[in-house]
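No hydrogens, no waters, no symmetry mates; every other heavy atom, side chains included, goes into these values.
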Amino acid sequence: MADVIALVFDFDDTLAPDSTSGFLQHLGVDVEAFWRDRVGPLLSEQDWDPVPAYLYRMLELSRTGPQGPITRERLLDWGRHLPLHDGVATLFDRLRTRLHQAHPTVQLEFYLISSGIGDVLRSTPIAEQFADIWASEFHYDRVGAIDFPRRIVSFTDKTRYLFHIQKGMIGPESRNKPFEVNRKVDADKLRVPFDQMIFVGDGYTDIPCFSLIRRSGGVAFGVWDPRHKEKRSRAWGFIEDGRVSNLNQARFGEDAELYQWLEAAVESLASKIVLKARTYRG
């Protein structure tokens with residue numbers, strides 16, 4: 001078992017404003033109408049899952065919309081330029097430095113699990129901070145336009161990747177092995193137990209991760225974007241239902257309350273890891 005803490009983030013409305021809405025707006029699409037008139041009826045009238053519903057409508061938009069085909073290059077370009085929440089750019093180095101000062105033998109790794117579009121997220125300026133990124137993915141046709149979803153990450157799909165982290169099935173060597181995550185691993189061989197994980201998210205697709213991490217002794221933080229105050233009541237429901245340990249605005253500057261709580265959570269888990277390593281088990 002490694003002396004590792006995994007800090008796992010959602011992306012949209014957690015580390016940045018909704019990246020898909022931002023991309024569509026960047027293309028000149030009426031974002032409100034897209035979600036209300038195109039995606040909404042699939043959910044309310046045809047019982048679609050929200051994530052494949054929006055991916056399907058993006059495919060439709062790419063084929064028939066006046067903005068032209070949605071290509072991989074356009075998605076990558078948006079990822080390079082999309083805005084991040086306050087303090088996110090320096091968040092990772094600050095937390096690593098603080099942990100190294102307090103407990104130099106404990107490692108801190110960052111992960112991203114999102115229902116957003118993987119090619120967008122992997123081209124952001126912070127992508128290199130993550131040990132691994134899992135998100136929804138498109139297949140592209142011969143001219144580079146999206147033509148089919150090849151991975152959908154929604155609700156309990158997100159917990160699958162927590163098990164990847166737990167068992168150490170991360171990075172390029174874990175690719176092309178979709179069933180390997182089901183392999184049984186003895187508790188003393190787990191790379192990052194759930195009680196050494198912190199999960200930060202904002203939405204309904206994060207609830208299974210909130211519940212799994214909290215139930216297993218880890219820490220779950222709910223956040224809400226202060227620019228969308230109507231979402232605060234939804235996030236407050238996570239507190240009332242016992243899904244999360246705390247609720248804060250999605251701000252990560254050094255003086256922000258959320259950042260202070262993240263520092264405290266990282267140091268607390270590190271202290272437990274160090275104590276566990278020094279405990280006699282004879």
Can you list the steps and then say if Asp157 with Thr205 is a side-chain contact (heavy atoms from CB on, under 4.5 Å)?
-> CA-CA 9 Å; Asp157 300 314; Thr205 61; over 6 Å; no

Going through the checks in order, is the side-chain contact (heavy atoms from CB on, under 4.5 Å) test met by Ile170 and Trp134?
-> CA-CA 10 Å; Ile170 61 174; Trp134 296 281; 3.9 Å; yes

May I have the step-by-step check of ring-ring contact (aromatic ring centres under 6.0 Å, His included) for Phe92 and Phe110, ending in yes or no?
-> CA-CA 8 Å; Phe92 310 97; Phe110 300 100; 4.9 Å; yes

CA sep, side-chain torsions, deciding dist, call: Ile213, Val8, side-chain contact (heavy atoms from CB on, under 4.5 Å) | CA-CA 10 Å; Ile213 293 299; Val8 188; over 6 Å; no

Stepwise side-chain contact (heavy atoms from CB on, under 4.5 Å) test for Val143 and Thr71 | CA-CA 8 Å; Val143 298; Thr71 63; over 6 Å; no

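For Gln67 (side chain) and Leu27 (main-chain N/O), no donor-acceptor pair under 3.5 Å exists by modelled atom type. A donor-acceptor distance shorter than 3.5 angstrom exists from the side chain of Ser174 to the backbone of Gly171, with no hydrogens or angles considered. Side chain of Glu32 to main chain of Asp37: no donor-acceptor pair is present (N/O by atom type, distance under 3.5 Å, no hydrogens or angles). At least one donor-acceptor pair under 3.5 Å links the side chain of Ser271 to the backbone N or O of Glu267. Of the possible donor and acceptor atoms, one in the side chain of Thr159 sits under 3.5 Å from a partner among the backbone N and O of Thr156. In this structure, the side chain of Gln129 does not engage the main chain of Asp93 through any donor-acceptor pair within 3.5 Å. Proximity of a side-chain donor or acceptor of Ser123 to a complementary backbone N or O of Leu76 within less than 3.5 Å is detected. Between the side chain of Ser114 and the backbone N or O of Gly116 there is at least one donor-acceptor pair closer than 3.5 Å.
Among pairs with a residue in residues 76-89, those fulfilling salt bridge (Lys or Arg N to Asp or Glu O under 4.0 Å) read Glu73-Arg80, Asp77-Arg80, at least two apart in sequence or across chains. Sorted by first then second residue, the salt bridge (Lys or Arg N to Asp or Glu O under 4.0 Å) pairs that include residues 100-110, not counting sequence neighbours, are Glu109-Arg191. The stretch residues 162-171 participates, sequence neighbours left out, in no side-chain hydrogen bond (donor to acceptor under 3.5 Å, both in side chains) pair at all.
Considering every non-hydrogen atom in both Arg122 and Ala127, the closest pair reads O-CB, 3.4 Å. Contact between Leu55 and Ser136 at its shortest, heavy atoms only, is CD1-CB, 4.2 Å. Minimum interatomic distance between Leu190 and Val185 (heavy atoms only, all atoms of both residues): CD2-CG1, 3.8 Å. In terms of heavy-atom proximity, Pro41 sits nearest to Arg36 at CD-O, 3.4 Å. Across all their heavy atoms, Ile5 and Ile198 have their closest contact at CG2-CD1, 4.4 Å. The heavy-atom pair separating Asp10 from Lys158 by the smallest distance is OD1-NZ, 3.1 Å.
Taking the salt bridge (Lys or Arg N to Asp or Glu O under 4.0 Å) definition, one finds that Arg74 meets it with nothing, sequence neighbours left out. Residues that satisfy the side chain to side chain contact (heavy atoms under 4.5 Å, CB included) test with Gln101, not counting sequence neighbours, are Thr97, Arg98. Contacts of Ala53 classified as side chain to side chain contact (heavy atoms under 4.5 Å, CB included), with partners at least two apart in sequence or in another chain: Val39, Leu42, Leu43, Trp48. Every residue was checked against the ring pair (Phe, Tyr, Trp, His ring centres under 6.0 Å) condition with Tyr140, not counting sequence neighbours, and none meets it. Qualifying salt bridge (Lys or Arg N to Asp or Glu O under 4.0 Å) partners for Glu45, counting only residues two or more places apart in sequence or in other chains: none. Scored by the side chain to side chain contact (heavy atoms under 4.5 Å, CB included) test, Asp186 finds Lys184, Asp188, Lys189 as partners (sequence neighbours excluded). The ring pair (Phe, Tyr, Trp, His ring centres under 6.0 Å) search around Trp35 returns Tyr54, not counting sequence neighbours. Contacts of Ser19 classified as side chain to side chain contact (heavy atoms under 4.5 Å, CB included), with partners at least two apart in sequence or in another chain: Phe11, Asp12, Trp78, Leu82, Val120, Leu121.
To the nearest 0.5 Å, atom CG of residue Leu258 and atom CD of residue Gln249 are 9.5 Å apart. With rounding to the nearest 0.5 Å, the separation of OG1 in Thr20 from NE2 in His26 is 13.5 Å. Separating the CE atom in Met197 from the SG atom in Cys209 is a distance of 9.5 Å, to the nearest 0.5 Å. Phe34 CZ to Leu24 CG: the interatomic distance, rounded to the nearest 0.5 Å, is 5.0 Å. Put simply, OG1 on Thr105 and CD1 on Ile273 are 8.5 Å apart, with the number rounded to the nearest 0.5 Å. Residue Asp119 holds its CG atom at 5.5 Å from CD of Glu137, rounded to the nearest 0.5 Å.
Counting only heavy atoms from C-beta outward, the side chains of Leu95 and Leu7 approach each other to under 4.5 Å. By the 4.5 Å heavy-atom criterion applied to side chains, Phe23 and Ile117 are not counted as neighbours. With contacts defined as side-chain heavy-atom distances shorter than 4.5 Å, the pair Met58/Arg63 does not qualify.
Aromatic ring pairs are classed by plane angle as parallel below 30°, tilted from 30° to 60° and perpendicular above 60°; the pair Trp261 and Phe221 is tilted.
Side-chain rings of Phe210 and Phe199 approach one another, their centers coming within less than 6.0 Å. In summary, the aromatic rings of Phe163 and Phe194 are positioned with their centroids under 6.0 Å apart. No close placement of the Phe130 and Tyr111 rings is indicated, their centers lying 6.0 Å or farther apart.
Of the residues listed (Leu91, Val88, Thr90, Leu112), the one engaging Ile126 in a side-chain contact (heavy atoms from CB on, under 4.5 Å) is Val88, and it is the only one.
Within 6.0 Å of CD on Gln25 lie no more than 12 heavy atoms contributed by other residues, nucleotides or ligands. Asn182 CG: more than 12 foreign heavy atoms inside a 6.0 Å radius. Shown here is Arg72, whose CZ atom has no more than 12 heavy atoms of other residues, nucleotides or ligands within 6.0 Å.
Between Lys272 and Asp195, no side-chain nitrogen of the basic residue sits less than 4.0 Å from a carboxylate oxygen of the acidic one, so the salt-bridge criterion is not met. Salt bridge Asp132/Arg175: present, at least one basic N to carboxylate O contact under 4.0 Å. A salt bridge between Arg38 and Glu60 is present, with a side-chain N of the basic residue lying under 4.0 Å from a carboxylate O of the acidic one.
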Listed pairs under 3.5 Å, donor-acceptor, residues 145-155 side chains, sequence neighbours left out:
residue: Asp147; atom: OD1; partner: His139; partner atom: ND1; Å: 2.8
residue: Arg150; atom: NE; partner: Phe138; partner atom: O; Å: 3.4
residue: Ser154; atom: OG; partner: Asp49; partner atom: OD1; Å: 3.1

